[in-house]
Amino acid sequence: MLSKIFTWWNDSTIGTSFTLWRRGARLVGTDEQGNRYFEERAPSGPDGRKRRWVVYHGVAEASRVPPDWHGWLHHTYEEPPTVAPLPRKRFEKDHVPNMTGTPLAYHPPGSLARGGKEVKKDYEAWTPDAA
């Protein structure tokens with residue numbers, strides 16, 4: 001029970017569960033990562049629309065929301081992907097987690113994390129013309 005109060009990064013807290021219950025939110029669907037999506041029953045948003053929520057399964061990382069659910073959360077699509085799924089384009093790749101702050105993070109050439117070696121000088125910095 002105490003973990004439910006303090007571990008907001010693993011699942012919904014008691015406060016989130018209470019808010020969803022108080023607003024009469026209904027479960028709309030679940031994505032392939034186990035994230036759950038909710039929508040309130042009656043509009044109460046400042047623009048007269050129904051509020052929508054995501055409750056993450058595991059680590060609360062915004063990049064884990066798939067594009068179709070992101071569009072639904074932000075009212076780009078009226079129908080949730082459970083009703084009207086977006087067709088997957090052949091150039092779309094599977095989700096890769098955000099690796100920032102981990103040993104697997106991307107470090108460009110010349111980065112201090114790569115030892116700070118000299119970067120190839122294949123460009124010339126712009127300087128304004130002196131009048």
Side-chain angles (χ1 to χ4, degrees):
M1 183 63 162
L2 280 178
S3 66
K4 192 97 168 132
I5 295 172
F6 297 109
T7 60
W8 55 266
W9 53 87
N10 283 330
D11 197 11
S12 64
T13 61
I14 288 177
T16 302
S17 299
F18 177 73
T19 299
L20 294 172
W21 171 78
R22 186 173 52 96
R23 295 206 181 254
R26 64 180 179 89
L27 178 66
V28 175
T30 305
D31 65 18
E32 59 275 358
Q33 296 183 38
N35 299 326
R36 295 174 293 152
Y37 299 89
F38 295 88
E39 182 176 50
E40 67 183 348
R41 296 192 192 278
S44 72
D47 54 0
R49 296 191 289 194
K50 295 179 181 180
R51 294 177 191 253
R52 296 173 175 172
W53 294 271
V54 58
V55 174
Y56 295 100
H57 176 73
V59 178
E61 170 60 48
S63 71
R64 293 181 57 219
V65 175
D68 47 356
W69 281 107
H70 180 272
W72 178 79
L73 282 169
H74 293 275
H75 297 276
T76 303
Y77 312 120
E78 197 54 41
E79 297 294 329
T82 52
V83 175
L86 291 178
R88 184 169 171 130
K89 309 273 193 282
R90 70 170 202 265
F91 59 82
E92 290 181 309
K93 296 182 178 182
D94 290 332
H95 171 74
V96 176
N98 183 352
M99 303 309 283
T100 303
T102 70
L104 300 175
Y106 172 73
H107 301 290
S111 167
L112 293 176
R114 280 192 167 183
K117 296 178 183 171
E118 188 64 30
V119 179
K120 185 171 70 170
K121 300 282 185 182
D122 60 347
Y123 70 93
E124 190 175 315
W126 177 84
T127 56
D129 293 332

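Just so you know, these numbers use all the heavy atoms, side chains as well, and skip hydrogens, waters and symmetry mates.
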d(Trp72 CH2, Thr82 OG1) to nearest 0.5 Å is 8.0 Å
Check your understanding: With under 30° as parallel and over 60° as perpendicular, where do the rings of Trp69 and Tyr37 fit, or are they tilted in between?
Key -> parallel
For this session: Count the heavy atoms of every other residue, nucleotide or ligand shown that sit under 6.0 Å from CD of Glu78, and state whether that count exceeds 12.
Result: no
Distance col, row Leu112:CG vs His107:NE2, nearest 0.5 angstrom, shows 10.5 Å
dist Asn98:CG -> Leu104:CG (nearest 0.5 Å) comes out at 11.5 Å
Tyr77, Val65: one ILVMFWY side-chain cluster at the under-4.5 Å cut-off? no
Are any of the side-chain nitrogens in Arg52 or Glu39 under 4.0 Å away from the carboxylate oxygens of its partner? yes
Value for CD (Gln33) from CD (Glu61), rounded to nearest 0.5 Å, stands at 10.0 Å
**Study point:** Evaluation steps, salt bridge (Lys or Arg N to Asp or Glu O under 4.0 Å), between Asp94 and Arg88
**Key:** CA-CA 10 Å; Asp94 290 332; Arg88 184 169 171 130; 3.0 Å; yes
Check: Is there a donor-acceptor contact under 3.5 Å from the side chain of His57 to the main chain of Glu32?
Finding: no
In this structure, OG1 of Thr19 is separated from CD of Glu40 (nearest 0.5 Å) by 11.0 Å
Output for pair (Phe38 CZ, Arg23 CZ), nearest 0.5 Å, gives 14.5 Å
- [ ] Verify, without hydrogens or angle tests, whether His75 (side chain) and Lys50 (backbone) share a donor-acceptor contact under 3.5 angstrom.
- [x] yes
In short, Ala25 meets Trp53 closest at the heavy-atom pair CB-CZ3, 3.9 Å
| message | Check whether Arg36 reaches the backbone of Leu27 with its side chain - one donor and one acceptor, N or O, closer than 3.5 Å. | response | no
